[in-house]
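If you read the sequence from its start, that first residue is 1, and numbering goes on from there.
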Amino acid sequence: MNFPYHVDQNPHKGNRGLTRAWHAAKNSWCGLVYAFREESAFRQELTLLVLLTPIAFALPISLLEKSLLVSSLVMVLVIELLNSSVEAAIDRISFEHHDLSKRAKDFGSAAVMLALVVAALLWIAVCSPLILSL
């Protein structure tokens, strides 16, 4: 028999207001720490963000263009975190090779690759007029 789900059945949904926000912030921080410690791709992409952000702000471009450049790098990190969460969930289920597990991990990897391509294209589009004008 199928019983309808109600939020009161979930022991993790009891917090409200500032308590919920505090717990969410702690969980988010833990996720960032895990990603930094355990995911080399996250560390590499974070390094790109740290190195390229000052460059973006130093370029003689509009604030909107600076925001786009930095946001594209942040989106790479966001998608890397989502990819890592898919990989962790699949590994939690089983380390055994399965075609659907591989497909899910490959989808996540493809999403990261596309985010990197978008970031690279944005940087090229914004920076190429500057380079050509030199």
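The hydrophobic cluster containing Ile90 also includes Val86, under a criterion of side-chain heavy atoms closer than 4.5 Å among ILVMFWY residues, counted directly or through chains of members. Connectivity analysis of hydrophobic side chains (ILVMFWY, heavy atoms under 4.5 Å, direct or indirect) links Val112 to Val76, Ile79, Leu116.
Within the structure, side chain to side chain donor-acceptor pair (under 3.5 Å) contacts touching residues 50-67 (residues at least two apart or in different chains) are Ser62-Glu65. Among pairs with a residue in residues 25-38, none fulfils side chain to side chain donor-acceptor pair (under 3.5 Å), at least two apart in sequence or across chains. Residue pairs meeting the salt bridge (Lys or Arg N to Asp or Glu O under 4.0 Å) criterion with at least one member in residues 120-134, sequence neighbours excluded, do not occur. Listed by first then second residue, pairs satisfying side chain to side chain donor-acceptor pair (under 3.5 Å) with a partner in residues 106-121 read Lys102-Asp106, not counting sequence neighbours. Within the structure, no pair that satisfies the salt bridge (Lys or Arg N to Asp or Glu O under 4.0 Å) test touches residues 110-134, not counting sequence neighbours.
Residue-environment remark: CZ (Arg43) exceeds the threshold of 12 foreign heavy atoms within 6.0 Å.
Both Ile55 and Val74 belong to a common hydrophobic cluster when Ile, Leu, Val, Met, Phe, Trp and Tyr are linked at side-chain heavy-atom distances under 4.5 angstrom. Cluster membership check: Leu51 does not share its hydrophobic cluster with Leu122, using side-chain heavy-atom separations under 4.5 Å among Ile, Leu, Val, Met, Phe, Trp and Tyr. The hydrophobic cluster containing Phe36 also contains Leu73, counting ILVMFWY residues as joined when their side-chain heavy atoms lie under 4.5 angstrom apart, directly or transitively. Under the 4.5 Å side-chain heavy-atom criterion for Ile, Leu, Val, Met, Phe, Trp and Tyr, Leu68 and Leu121 are members of distinct hydrophobic clusters. At a threshold of 4.5 Å between side-chain heavy atoms, the hydrophobic network of Ile, Leu, Val, Met, Phe, Trp and Tyr places Met113 and Leu82 in two separate groups.
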Please report, to 0.1 Å, the donor-acceptor pairs under 3.5 Å made by any side chain of residues 123-134, with sequence neighbours excluded.
residue: Trp123; atom: NE1; partner: Leu69; partner atom: O; Å: 3.3
residue: Ser128; atom: OG; partner: Ile124; partner atom: O; Å: 2.8
residue: Ser133; atom: OG; partner: Pro129; partner atom: O; Å: 3.3
residue: Ser133; atom: OG; partner: Leu130; partner atom: O; Å: 2.9

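Remark: Leu100 engages His98, Arg103 in a side-chain contact (heavy atoms from CB on, under 4.5 Å) (not counting sequence neighbours).
Between the CD atom of Glu45 and the CG atom of Leu81 there is a distance of 9.0 Å, given to the nearest 0.5 Å. Note that OG of Ser101 is 7.0 Å distant from NZ of Lys105, once rounded to the nearest 0.5 Å. Between atom CG of residue Leu52 and atom OG1 of residue Thr47 there is a gap of 10.5 Å, rounded to the nearest 0.5 Å.
Side-chain contact check for Val118 versus Leu114: every heavy-atom pair is 4.5 Å or farther apart. Side-chain contact check for Glu80 versus Asn83: some heavy-atom pair is nearer than 4.5 Å.
Scanning both residues, Val70 and Ala56, for their nearest heavy atoms gives CG2-CB, 4.0 Å.
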